[in-house]
Amino acid sequence: VPQAGPDGGNRPAAAGYGADGHGWRGNYGHGGQGRNENGGQGGKKESFDVIGLALRPQRLSDYMGQPKAVAALSDPIKKSLLTDKPLPHVLLCGSYGQGKTTLAKIIANEMGANFIELTASVKYRDMLRTLRQLKPGDIIFVDEVHKLSSDVIETLLYPAMEDFEVHFTEGNGMRTKNVSEKISPFTFVGATTESGKLLKPFYSKFPIKVTLTEYAPEIITGIVKNSFSKLGMRIDSRLAEDIAHRSRLLPRTANDYVKGIASSAIVRAAEKRGITGRGALSSREAIANLGITIEPKDVYAYFDSLGIDKLGLKDEDRQLLRVIITMFGGGPTGQENLAKALNMAENRINEEYEPYLVKLGFINVRPQGRYATDAAYEYLGLQKKKRGKAADNADAAGTPAGTDNTAAAADTVAADNVAVTPDNVPTGNSGTAAGFADGAGDTIGQTGAAAQENGDGTSGGAAGDFAPGAA
């Protein structure tokens, strides 16, 4: 039950306000240093969201679908509480959206500890300040911990995690001195989607390593039904299953969809009952009293508004597939080219879109680049153009296929019956007419265009000989 905090805000009854200004304890933790009364920096601040807080698991017993992770943490937490010692450092490994941050907050709840969340871009001075201000048992959480700078890891975290001390310099010029200072025992919780990028010495600093596994469809369906139940809402099992499948079997995404669908249903119910006034539905009890049953129109109107189809693909996913097919002839193309064509950061493509498209069988990732599969063409309703036999043989052999944009140029050259001369040979990575055969349906030689010279000035045969990879 929320209680009034020192500044008039709310906090969980079982927790307490960090007197040092690090933020509210428990799952109301407002990003550690973000609430520091002394103006500290480094944390992310959460907004008070009655629906979001209701859906978020608070305890290990509420954390569904990861029995091995719960088992790996349960006994160490109990032992730490019995011995009144900080929990050993924890590394949480798993893909995007699997619930690593939620699990980190559950750890803080179970330990009754102050939760300090820092970003992986935290500066040396801010990390040093945070470490020096720690209280016994505090928990520092960093998501994407593999992105921390080597300066922060090697200079600050190594001695802090091993010996609970920090080493730094004070003063300037001739008055500079090296200082070693003891800090309060604490627990460092790191989360990563790429544990292989962690330095081996850093990886070894985490006695407890937890890997989150892929969620089964029935588990996500259960999470969806449970989330609506927490809000006092009812939902048909088939609708819950559909939401689960469109969520890509990620609990974070599933609960985001629950929040969106529930919000629309609340507005509809309030309008129907003539409920108005600011704050009229600001509590879970008030929402539950509406007695809402989620209907198909609530679910599908929400997904239609976001452009999310039955496979869980969004407009961005479909656009990525279209770019590979229409701009790059179905592939191969590199991630950098895709990022530029879509005006999107490479890490977003790598973390949010590409893994699921690979899982669906719509993209193949090979050393020479990304390819759209036959299933992708069928999904988009596009017809795959025939390729020259030499091109298919080159791809089967895994040979690089020249530049990324040569496939798109193929149609133009083949259609115009252009003779290939030194002046119009593409000058990408291959320096030959290699890319022009890809996607043209027939090789250039078959369209009647003879190659007078190769790209390097030497004499050559028919341009049809120059298939992707043959360059």
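Positions are given from 1 along the sequence. Remember, it's a predicted structure, so these values are computed and weren't measured experimentally.
- The nearest pair of heavy atoms linking Ala72 to Ile208 is O-CG2, 4.3 Å.
- Residues meeting the salt bridge (Lys or Arg N to Asp or Glu O under 4.0 Å) test with Glu165, sequence neighbours left out: Lys182.
- Residues satisfying the salt bridge (Lys or Arg N to Asp or Glu O under 4.0 Å) test with Glu144, not counting sequence neighbours, are none.
- With sequence neighbours left out, Glu194 forms a salt bridge (Lys or Arg N to Asp or Glu O under 4.0 Å) with Lys197.
- Taking all atoms of both residues into account, the shortest heavy-atom contact from Ala108 to Phe115 is CB-CD1, 3.6 Å.
- Remark: Lys209 is positioned above the aromatic ring of Tyr203, its terminal NZ or CZ atom under 6.0 angstrom from the ring centre and at most 45 degrees off the axis.
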With salt bridge (Lys or Arg N to Asp or Glu O under 4.0 Å) as the test, would you mind laying out the steps for Asp256 and Arg252 before giving the verdict? CA-CA 6 Å; Asp256 284 344; Arg252 178 200 298 172; 5.8 Å; no
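- In this structure, Leu212 and Lys100 approach most closely via the heavy-atom pair CD1-CG, 3.7 Å.
- Sorted by first and then second residue, the pairs that involve residues 224-235 and meet side-chain hydrogen bond (donor to acceptor under 3.5 Å, both in side chains), not counting sequence neighbours, are Lys225-Ser237, Ser227-Asn255, Arg234-Thr293.
- Checking Asp242 against Tyr300 by side-chain atom types alone, a donor-acceptor pair falls below 3.5 Å.
- Using a cut-off of 4.0 Å between Lys/Arg side-chain N and Asp/Glu carboxylate O, Lys384 and Asp374 are scored as salt-bridged.
- Residues Leu156 and His167 share a closest heavy-atom pair of CD2-O, 4.3 Å.
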Going through the checks in order, is the side chain to side chain contact (heavy atoms under 4.5 Å, CB included) test met by Phe228 and Ile294? CA-CA 9 Å; Phe228 277 115; Ile294 300 298; 3.7 Å; yes
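- More than 12 heavy-atom neighbours from other residues, nucleotides or ligands sit within 6.0 angstrom of CG on Asp304.
- Between the Thr155 side chain and the Val152 main chain, no donor and acceptor come within less than 3.5 Å of each other.
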Step by step, would you call Leu338 with Ile324 a side chain to side chain contact (heavy atoms under 4.5 Å, CB included)? CA-CA 8 Å; Leu338 284 176; Ile324 294 176; 3.6 Å; yes
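- Applying the side-chain hydrogen bond (donor to acceptor under 3.5 Å, both in side chains) rule to pairs touching residues 311-320 yields Arg248-Asp317, Asp309-Arg318, Asp315-Arg318, Arg318-Tyr379, sequence neighbours excluded.
- Under 3.5 Å, the side chains of Tyr257 and Arg246 contain no donor-acceptor pair of N or O atoms.
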CA sep, side-chain torsions, deciding dist, call: Phe206, Val90, side chain to side chain contact (heavy atoms under 4.5 Å, CB included): CA-CA 5 Å; Phe206 296 93; Val90 180; 5.6 Å; no
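- Legend: residues meeting ring pair (Phe, Tyr, Trp, His ring centres under 6.0 Å) with Tyr215, ordered by chain and number and at least two apart, are absent.
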